[in-house]
Structures are given as C-alpha cells and as structure tokens.
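Here the structure comes first, spelled out in structure tokens, and everything after it is commentary.
For clarity, every value in this text was computed on a predicted model and none was experimentally measured.
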Amino acid sequence: MDSAAPKGSFGRHRKIMPFEPGSIEALREASRQKAASLNQHVLGYGVQAEAEWAAAGIAAPDLPAMRQYRLERIRAELKRRGYAGALLYDPVNIRYATDSTNMQLWVAHNPTRHCFVATEGPVVLFDYFSCEHLSDHSGVVDEVRPAVSWMYLYGGELTEQKVRRWAAGIAGLVGEHGGGNSRIAVDHINPEGVEELARLGISIGDGEAVMENARLIKSPDEILAMRRAIVACEAAMGEMEQALQPGISENELWAELHRSNIARGGEWIETRLLASGPRTNPWFQECSSRIIEAGDLVAFDTDLIGPYGFCADLSRTWLCGDAKPTNEQRDLFRIAADQIEHNTQLMQPGISFRELVERSAVPPGDCFPTRYGVLYHGIGLADEYPTLPHASDWTPDTPDGVLEAGMVLCVESYIGRLGGREGVKIEEQILITETGNEQLSTFPLDARLLG
C-alpha cells in the first residue's frame, strides 16, 4: 500500500476510491472531469495520423470555430423556415450540431440519444445514461440531460407512458425558449411521438431539410478536416493495396481498410462494397469469402467515416497480381477514367444540377443498363444532398439547384458491359471553389489499367 499518497487522493495504486457520506456529488463531478479530459476528441488522432497530415502539409482545423459555424448554419436555416428549434436523432446530425459522439452506429437504430437546438436559446443534449462527459469538450452544448428513450426495448407495453414523459420535456423546452412559436423541425420520429407532441400543442416539420441545407456549404475549417480524413483514408488504401496478393479473400482485404481507418482515429465504414473478378459485374456485391485470383479486377468503394467524422468516399479498381491486363479490362477502365475526367471538368460554380447532368458523359450503350445509380452526390459527414441522376433518369420529382462554392460532391462511374464478366468502379471527391473545382482525392489510378 502506498502510504505516501496524500489523504483523500485516489489513482491507479488505490483499489477503491475514497467515499464518505455526502461526497457523492463531488466524486461525480471529479469523475466527469476525468472522463472529459480523456475523451477521444480531446486526446486527438495519434502520432501516425498527425505525421501523415504534417507530411501532406494540411494544417489542423480550428475546431471551436468550426463548431460555432455549424451552429450558426443550423440556426439561420431554422429562422429562415420559421421554426422555434430542431429536435435531432440522426447521430450524424447530432455530430454536426454538437461535435460529440456516442456509440454512433448503435444509436442510429436505437433512439437513445437526441439533441434540441433552440433557434433562440440553448443547445440541450439528451444523452445515454451516465454519458454527460462525452460532450464537455464541444463548447456548444449548454446542458446535458438524461435521454428518455421510448423504444420498445426499454418501454415494452408501457411505452405510451414513456412517450408522455419524453414529450413533456420537449414541450417544456419549446415553451421556455420558443418565444410563443410552437413549430419545431424533427429529423426522425415515430408516429406516437408526433401525436403526443401535437396533443401538447407542438407541430413538427422536416428536420432533414433543415440539416441537409445547413450542412451543404462547408467552412474552411471543415474543408481542412475533410482533407485530413481523405489523407487518412488514402493511407489506409495504400496499406490495403500492399495486402492485395493472389490468395487473399475479399473479406481479408476489406478488413485492412477497417483496421487502417481505426488506427488513424476513423470511426466506421458504411458499406461492404468490395468485389473481385466476376463479382465486379454487376456492381453492388458485398465483399465475401471469395479468394482473389491473379488477373482479377478488384473494385471497391470506401464509404469511410474517418477522422473528425468526415466521409471519404472514394472508389478504385485494381488489377491483382503481376499479369498484364486484358484488352477488355483496359477498355473498361479507360471508359470509366474518361467519364470521370469529363464530368469533373463540368463541375463549376453556377451550373445548375439539370445542366450538369445533361452535359455529362454517360456509359456506352452496352454498359448503360448496368450504370451507377447517380452521376454525382454531395458529401460531408456522410453522403449528403444533392444526388444527381443521369439525365435519362431525371423525373418531375428530381430537385434542381445550383452548384455553389463550398459544396463538396463525389463524381461516380461504374462501367461494366451488360452480361459481361467484370466491371470498373472509380469515384473522386471534388470541392467546388469560387473559380472552378479542386479534386480533394489524390490516390493514383492503377497505371497498368490506364496503359
């Protein structure tokens, strides 16, 4: 026993913390402060990621400025649409509003965490039990309350009672900070919640519209964070490419991307889009136990949520082994690369969505039936608005708009002949600037297939 330890202290050499009647609140606060100081967002991303960012010459984003910018974007959109506040359940929207995380994938399908952003008032985070410390770093969360979760997992046949308790808390915030306005925007909510809020005089509108428009234009600090996420993703892709040898399974190769992303502080990968050989045509096979063979094309889409919560959504197609590519493989690859190049050049500020797709290159006739579902889509903390289809797929309910500086979009190509053996997937991430565009993704295309 460490007799030199000062009275009342505790740490790694003490088996139990000191506890005296009446000390519980002080211990609770000390525990919260300790946990907050050790939060992953406080500790940062580690030596490996920082060294790679330094080598790439990418400065650190000003996170307090980024968080304030986001909050101002949300509130401006709420004011424009006449809402008293926003109630957010989507963990990506909560991340945007608070820059805090908690079991992101779990809370995406278990609604146990939500956030209320008052248009004129506080940001109140309703978090999972004993998780108050997870947002203490953010500087934009004014209050943390325990979430009332009314999914059946917790409420069972008493869910209706939990809904009433939950709604009373939301209505109280609206009444206190809404200035007489009882309209709020909600991104995701079940019908019983809508009904109970309505009973309390609260009407709801489309929170997704609010948040997608808020997230549309990135600040300079957000772009820095996105650049860093892409550098981390591409470093992970490099390690994945080194692991690509004949005899490795698709699942084993895909695991390399996961491992490398997590090692750099990334968060998750949204899909399992990696396929080899005959599984590359048609597209959208999820990766499998298939053993990759020499001469196979290997195509993948990262769909990676990396450091700072930013998405790096890049696609590449590689040739496995040392064999020369076939003429068919080179032809498919050249069509895809040329489509990406042509369509990227069109991405200029001021061009309308409709004009952009009408001027875009599309797959040739024997590849058009297997085309990718979209030509372009927005990106930020995840895939975002807008999504732009091929001109032939444009329908009366396809929204039009205009590219603006500060938007980031991915440009997509999948080329595979209908009934063919293999296909090629390429995707790049593009920043719209004041004078044109900048390609943020830099991982080289497979030179053997380009030849």
Below 4.5 Å, heavy atoms only, C-beta onward: do Thr398 and Phe353 meet side chain to side chain? no

Under the 3.5 angstrom rule, does the side chain of Arg316 hit a backbone N or O of Glu427 as a donor-acceptor pair? yes

Is it the case that the side chain of Asn213 and the backbone of Ala209 share a donor-acceptor pair, with hydrogens and angles ignored and the cut-off at 3.5 Å? yes

Got Ser260 and Glu239 here, is their nearest side-chain heavy-atom distance under 4.5 Å? yes

Can you tell me how far apart CG (Leu134) and CG (Leu125) are? Round to the nearest 0.5 Å. 9.0 Å

I'd like to know if the side chain of Thr280 and the backbone of Ala275 have a donor-acceptor N/O pair within less than 3.5 Å. no

Which pairs pass salt bridge (Lys or Arg N to Asp or Glu O under 4.0 Å) with one or both residues in residues 54-65, sequence neighbours excluded? none

Ring centres under 6.0 angstrom apart (Tyr69, Tyr96): no

Taking side chain as C-beta onward, heavy atoms only, is Arg73 less than 4.5 Å from Arg215? no

Kindly compute the distance separating CZ (Arg95) from CG (Leu88), expressed to the nearest 0.5 Å. 14.5 Å

One thing to verify: whether Glu120 and Arg75 come together as a salt bridge, which I'm taking to mean a side-chain N less than 4.0 angstrom from a carboxylate O. no

Nearest heavy-atom pair of Glu270 and Ala382: which atoms, and what distance? OE1-CB, 4.0 Å

Quick one: do the Asp397 and Thr395 side chains pair a donor with an acceptor below 3.5 Å? yes

Side chain proximity check, Val408 to Glu222, heavy atoms < 4.5 angstrom: no

Set of residues satisfying side chain to side chain contact (heavy atoms under 4.5 Å, CB included) with respect to Gln345, sequence neighbours excluded: Glu341

Can a donor-acceptor pair be found between the side chains of Thr112 and Tyr154 at a distance below 3.5 Å? no

Quick one: are Thr302 and Phe443 in side-chain contact, heavy atoms under 4.5 Å? no

Does the distance from a Lys or Arg side-chain N to an Asp or Glu carboxylate O, for Glu160 and Arg164, drop under 4.0 Å? yes

Given side chains that start at C-beta, do those of Ser100 and His137 come closer than 4.5 Å, heavy atoms only? yes

When the ring planes of Trp106 and Tyr128 are compared, do they come out parallel, tilted or perpendicular, using 30° and 60° as the limits? perpendicular

What distance do Phe300 atom CZ and Thr271 atom OG1 have between them, rounded to the nearest 0.5 Å? 11.0 Å

Side-chain H-bond candidate by donor/acceptor type, Ser276 with Arg290, under 3.5 Å: yes

Report yes or no: do Asp313 and His377 form a side-chain donor-acceptor pair below 3.5 Å? yes

Looking at Phe126 versus Trp166, is the centre-to-centre ring distance below 6.0 Å? no

Using distance alone, with no hydrogens and no angle criterion, decide if Thr101 and His41 have a side-chain donor and acceptor under 3.5 Å apart. yes

Which is it for Tyr152 and Glu157 under the side-chain hydrogen bond (donor to acceptor under 3.5 Å, both in side chains) test, yes or no, and what are the steps along the way? CA-CA 7 Å; Tyr152 196 88; Glu157 295 301 317; 2.5 Å; yes

Any chance CD of Gln348 has more than 12 other-residue heavy atoms, nucleotides or ligands included, within less than 6.0 Å? yes

Residue set satisfying side chain to side chain contact (heavy atoms under 4.5 Å, CB included) with Ser441, at least two apart, ordered chain then number -> Glu234, Leu314, Glu428, Gln429, Gln439

Ile202 backbone acceptor or donor facing Ser182 side chain under 3.5 Å: no

Salt bridge check: are Arg228 and Glu50 linked by an N-O gap of less than 4.0 Å? yes

Tell me whether Arg32 is salt-bridged to Glu29, with the criterion being a basic N under 4.0 Å from an acidic carboxylate O. no

